[in-house]
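Take a look at the structure set out below.
These numbers were taken from a predicted model, which means no experiment stands behind them. Order of the sequence lines sets the chain letters (A, B, ...), proteins ahead of strands, with each chain counted from 1. Hydrogens, waters and symmetry mates play no part in the numbers below; they use all other heavy atoms, side chains included.
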There are 2 protein chains.
Amino acid sequence: MLLKFRFLDFSTAFSPKVCTFFAPSKLLFRQLFEKESSTYTYLLADASHPDKPALVIDKTVDRDLSLVKELGLKLLYAINTHVHADHVVGTGLIKSKAPGVKSIISKASNAKADLFVEPGDKICLGDLFLDVRATPGHTLGCVTYATGDGHNQPQPRMAFIVDALLIHGCGRIDFQLYKSVHSQIFTLPKGTLVYPAHDYKGFSVSTVGEEMLYNPRLTKDEETFNNIMANLNFSYPKLIDVVVPANMFVVCKMSNPKLDDVFVKSRHQSVVILHRE
Amino acid sequence: MLLKFRFLDFSTAFSPKVCTFFAPSKLLFRQLFEKESSTYTYLLADASHPDKPALVIDKTVDRDLSLVKELGLKLLYAINTHVHADHVVGTGLIKSKAPGVKSIISKASNAKADLFVEPGDKICLGDLFLDVRATPGHTLGCVTYATGDGHNQPQPRMAFIVDALLIHGCGRIDFQLYKSVHSQIFTLPKGTLVYPAHDYKGFSVSTVGEEMLYNPRLTKDEETFNNIMANLNFSYPKLIDVVVPANMFVVCKMSNPKLDDVFVKSRHQSVVILHRE
């Protein structure tokens with residue numbers, strides 16, 4: 001079997017870090033909250049590199065761009081876990097205010113963006129990287145981003161778990177969610193921190209081990225889980241008819257729409273995509 | 001000069017940890033949020049010890065007690081940074097539902113509690129400990145709790161910074177605040193994580209270094225700072241006439257009101273207070 005891997009890479013020189021959270025070697029991490037939609041945004045950066053390359057995950061607002069600027073970070077990517085139906089992501093806002101930023105979403109989402117990711121891809125941020133794991137079920141194109149497993153990567157690992165898996169709960173689903181969570185999230189080390197896209201009870205983080213023990217829905221067998229979810233009668237998302245169209249256009253397709261054919265490699269450019277198969 | 005130190009200590013045997021956040025060796029840490037009052041509660045535990053001794057800082061609700069139970073922690077202390085004027089702390093609730101828990105507040109607050117702390121005290125939690133730092137200015141009896149500086153203590157350190165210092169801001173003050181922050185918080189290592197009691201903009205954490213650079217008020221000189229604060233015209237806290245009386249009685253004075261005279265030491269009891277001078 002031929003090796004297939006894809007990296008979104010950014011290479012810069014090294015410089016002393018200013019403020020680092022959690023993984024003393026490199027990772028600057030911030031969790032931000034928006035009360036009206038109970039939405040979390042995540043900011044990650046490799047603070048050990050001179051450019052302090054950074055990315056944001058999901059909904060982003062002016063507040064977050066100001067924080068990026070204050071911390072002296074270079075925002076490279078605005079990444080989405082899926083096409084949201086309950087709030088407008090800020091990717092378009094970011095790109096209007098930080099034109100060099102690339103939007104990222106899964107290829108399976110069928111949304112428009114600068115870059116598309118597939119399961120198995122790694123998004124590199126200096127010497128840090130995020131794994132892309134396919135976790136359809138909340139929407140078809142949902143992905144979970146997990147920090148890498150390896151030397152100098154944050155320990156414990158961290159997973160940004162989409163709208164479907166909530167802390168001690170579960171959002172609305174269509175199908176496949178049970179298998180997605182059990183095969184892609186619950187297979188991570190038990191100490192892996194799980195960070196939700198939303199929380200309505202004031203929780204900020206959980207762990208894989210905790211969710212495997214206490215998640216009231218996902219600890220059931222698959223048939224029971226599906227029956228529970230089928231009978232929950234979720235209301236129609238209030239803003240879906242506005243936000244989904246907005247979120248589908250996560251700003252600007254790449255000029256070469258066939259990413260499989262792309263072989264762009266330069267140590268001086270902000271993006272290196274390497275795809276071999 | 002004679003040595004004076006006081007420990008609140010809890011000694012238990014060792015056992016493997018279940019879920020650990022941030023300091024792989026021991027610390028389990030959770031930050032919880034309450035939207036209505038924009039208040040943070042903090043849960044800390046030494047997850048390496050068999051009893052998993054834990055404490056909570058400031059406002060605590062049923063949600064937090066359920067979490068303590070789920071995580072298999074043994075809640076020892078409910079500690080307060082000061083007498084709050086804007087919300088009722090949950091210490092009384094905790095003690096009614098977890099009778100063994102001891103309430104802690106600073107001696108300078110003049111509130112009632114099971115245990116009183118003074119500057120220089122250390123609150124021990126298994127092999128972890130919190131330093132008590134006097135930071136009057138928001139109220140007279142305000143203290144800041146900072147994780148210890150030493151082997152096997154969380155790195156970077158963490159400081160729970162009272163109502164006066166907010167992320168990129170500052171709450172209402174009476175006097176002394178500037179000196180308190182500059183002498184007790186801004187002297188901590190720059191990478192120290194600062195966790196606020198409240199946040200209204202969705203921030204969850206900052207660092208000492210970041211606040212020293214970007215806090216719009218506390219980066220001013222003292223005279224300018226005091227002028228700014230004097231002219232802010234804070235509104236009278238809506239619930240102050242209800243909550244302050246409630247919070248002053250943080251449940252049960254110790255049977256011996258003169259703590260200086262107390263010398264209680266037992267390896268089998270849940271509290272060891274050692275005071276020598």
Side-chain angles (χ1 to χ4, degrees), chain A residues 16-25 28-43 47 59-64 66-67 69-72 154-156 158 167-168 189-195 199-216, chain B residues 17-25 28-43 47 59-64 66-67 69-72 154-158 167-168 189-195 199-216:
Chain A
K17 53 186 182 286
V18 173
C19 39
T20 303
F21 171 70
F22 179 75
S25 54
L28 184 150
F29 172 71
R30 295 291 161 89
Q31 180 184 46
L32 301 127
F33 189 63
E34 198 273 306
K35 279 184 8 176
E36 188 179 343
S37 60
S38 295
T39 301
Y40 282 115
T41 298
Y42 298 99
L43 170 64
K59 185 179 177 80
T60 305
V61 295
D62 281 337
R63 168 200 67 193
D64 310 328
S66 299
L67 181 63
K69 187 176 171 186
E70 273 185 3
L71 295 175
Q155 289 297 335
M158 305 155 80
I167 294 178
H168 295 195
K190 287 193 170 62
T192 302
L193 301 164
V194 292
Y195 289 96
D199 190 276
Y200 307 95
K201 301 179 186 176
F203 294 111
S204 59
V205 67
S206 182
T207 66
V208 165
E210 193 180 330
E211 293 307 309
M212 289 175 76
L213 285 173
Y214 300 117
N215 190 295
Chain B
K17 55 186 182 285
V18 172
C19 38
T20 303
F21 172 69
F22 180 75
S25 54
L28 184 151
F29 172 73
R30 293 293 161 89
Q31 179 184 45
L32 301 126
F33 188 63
E34 197 274 306
K35 279 182 15 175
E36 189 181 340
S37 60
S38 295
T39 301
Y40 281 115
T41 297
Y42 298 99
L43 170 65
K59 186 181 177 78
T60 304
V61 296
D62 280 338
R63 167 200 68 193
D64 310 328
S66 298
L67 182 62
K69 186 177 173 185
E70 269 184 8
L71 295 176
Q155 289 297 335
R157 295 177 71 179
M158 304 155 78
I167 295 176
H168 295 194
K190 288 193 169 65
T192 302
L193 301 164
V194 292
Y195 289 96
D199 191 275
Y200 308 95
K201 300 179 185 176
F203 295 111
S204 59
V205 68
S206 181
T207 66
V208 165
E210 193 181 328
E211 293 306 309
M212 290 176 75
L213 286 173
Y214 299 117
N215 190 294

Quiz item: Where do S204(B) and Q31(A) come nearest, in terms of heavy atoms and distance?
Solution: OG-O, 2.7 Å
Quiz item: What are the two closest heavy atoms between F203(B) and L32(A), and how far apart are they?
Solution: CD2-CD2, 3.4 Å
Quiz item: Taking every heavy-atom pair that is under 4.5 Å apart, which of D199(A), D64(A), V208(A), L67(A) has the most such pairs with chain B?
Solution: L67(A)
Practice problem: Inspect the surroundings of NZ in K35(A) and state if more than 12 heavy atoms from other residues, nucleotides or ligands are less than 6.0 Å away. | Solution: yes
Quiz item: Could you give the distance from OG (S38(B)) to CZ (F33(A)), rounded to the nearest 0.5 Å?
Solution: 9.5 Å
Quiz item: For the residue pair E210(A) and E70(B), what are the closest heavy atoms and their distance?
Solution: OE2-OE1, 4.2 Å
